[in-house]
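I have placed the structure first, in the form of structure tokens, so that the comments after it can refer back to it.
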2 protein chains.
Amino acid sequence: MDHSRDITGELSKQGYRMTPQRMMILATIEKSDDHISAGESYSQAVATYPNVNISTVYRTLELLERLGLVTCTDLGEGRVRYHPVEKGHHHHPVCRECGATLDLKESLLTPRKDALLPGHGFIADLKHLAILGRCVNFIKYIYIA
Amino acid sequence: MDHSRDITGELSKQGYRMTPQRMMILATIEKSDDHISAGESYSQAVATYPNVNISTVYRTLELLERLGLVTCTDLGEGRVRYHPVEKGHHHHPVCRECGATLDLKESLLTPRKDALLPGHGFIADLKHLAILGRCVNFIKYIYIA
DNA sequence: TTTCGTGCAAACCCTTTGCATTTGC
DNA sequence: GCAAATGCAAAGGGTTTGCACGAAA
């Protein structure tokens, strides 16, 4: 599927201009298998089209997120990662020790999504939830409650 | 309860030196109601004992976390917050729009903690989980799956 | 005394911003 | 042409690091 065309079309439809820079940035988001950071998007974009500036990348990603075209996930790296909404969503266990990330079926957490609203006045965004912990290589002990 | 004495004792027991700086930093962690950031700990510590440096704060917090005496939570602010383990744990819905945070009973998520291990080789640290979403003031729509 | 901890200052990384210039529509 | 988008450069915030000095044990 050509998701980037979706995003491109959506931008035009909403009155935003299509620039070469934006197209390059969209391409990097699309072709990335895992979630991509602003810095990575910039490096990749500038490699094929030198006329891209890091601040443009930040402004573009912020726009896409505001329009709901990409989701923004904090994996606890001290930076944020982006992902097109069309590519689906899932949770991300992140190992505190080695930084390894896994994908996790959403179904493991969503059954309780509704529990977050009624008593708390809060709607959780559980599309890309970062969950810190330890992967197999760094499990030290198992605590059984 | 005097938790700081626990932490202090634990540090000594493990062969780490007790310095005035470390005591000041421990005190700030203890007296903070909510979770505290490195910068906040520094400001508070330096106010009562001028001889504290921000890098000492970072090194101390890193030590405490490594020893398992404090937990470290990423609330999506672009910085990290610390909390003594003895003070219990809970989750933190954080509003993407206004930054408001709430406390959430752990029981809303822990029933599924065990589900994270078997098939995935991962132990989730669900003590202080940041959950991004929108609070009552910024709820735009409710999606019913 | 000897190792550990600290202060200092610089550097690092990620991100944001103001302003002049360029460019899509 | 005009508003929107970009480039540039500077600044901001948070965090880390190397090294020499100082202090706990």
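Just so it is clear: chains get the letters A, B, ... in the order the sequence lines come, proteins before strands, and each one is counted from 1.
- Distance, A:R79 CZ to C:dC12 P: 17 Å, rounded to whole Å.
- No donor-acceptor contact under 3.5 angstrom links the side chains of B:Q44 and B:E40, judged on distance only.
- Per the geometry, CZ belonging to B:R81 stands 10 Å off P belonging to D:dT15, to the nearest Å.
- For the pair A:P84 and A:I7, the tightest heavy-atom approach, listed with the atom from each and the gap, is CB-CD1, 4.4 Å.
- As a whole-Å value, the separation of A:Y58 OH from D:dG7 P is 15 Å.
- Taking each heavy atom of A:M18 and A:M23 in turn, the nearest pair found is SD-CG, 3.5 Å.
- To the nearest angstrom, P of D:dG13 lies 15 Å from CD of B:E40.
- Residues from residues 13-24 of chain B placing a heavy atom under 4.0 Å of any atom in DNA chain C, listed by number, are B:Y16, B:R17, B:T19, B:Q21, B:R22.
- Near-neighbour residues of DNA chain D inside residues 41-54 of chain A, defined by a heavy atom below 4.0 Å, number-ordered: A:N51, A:V52, A:N53.
- The side chain of A:S55 contributes no N or O atom lying less than 4.0 Å from OP1 or OP2 of C:dT16.
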Residue pair A:L61, A:V80: steps toward the side chain to side chain contact (heavy atoms under 4.5 Å, CB included) verdict: CA-CA 11 Å; A:L61 291 173; A:V80 138; over 6 Å; no
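- Heavy-atom minimum distance, B:T8 versus B:L26: OG1-CD1, 3.5 Å.
- No donor-acceptor pair closer than 3.5 Å links the side chain of A:S41 to the backbone N or O of A:S37.
- Judged by distance alone, the side chain of A:T56 and the main-chain N or O of A:V52 form no donor-acceptor pair under 3.5 Å.
- Summary for the helix from C:dT1-D:dA25 to C:dC25-D:dG1: the axes at its two ends, each from 5 pairs, differ by 30° when rounded to the nearest 10 degrees.
- Note: CD1 (A:I25) to C1' (D:dA5) measures 11 Å, nearest angstrom.
- No donor-acceptor pair closer than 3.5 Å links the side chain of B:R81 to the backbone N or O of B:C72.
- With rounding to whole Å, B:E65 atom CD is found 16 Å from D:dT16 atom C1'.
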Please report the C-alpha distance between A:Y16 and A:L67 in whole Å, then the side-chain angles of each, then the deciding distance to 0.1 Å, and finally whether the side chain to side chain contact (heavy atoms under 4.5 Å, CB included) criterion is met. CA-CA 11 Å; A:Y16 295 94; A:L67 296 180; 3.8 Å; yes
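- Residues A:L69 and A:E10 approach most closely at CD2-CG, 3.5 Å, considering heavy atoms.
- The nearest whole Å value for the distance from the CG atom in A:L61 to the C1' atom in C:dT16 is 14 Å.
- With salt bridges taken as basic N to acidic carboxylate O contacts below 4.0 Å, none links A:E62 and A:R59.
- Ranking D:dT6, C:dC14, D:dT15 by closeness to the A:T60 side chain, first place goes to D:dT6.
- Residue A:R59 contributes atom CZ, which lies 10 Å from atom C1' of D:dC8 at whole-angstrom precision.
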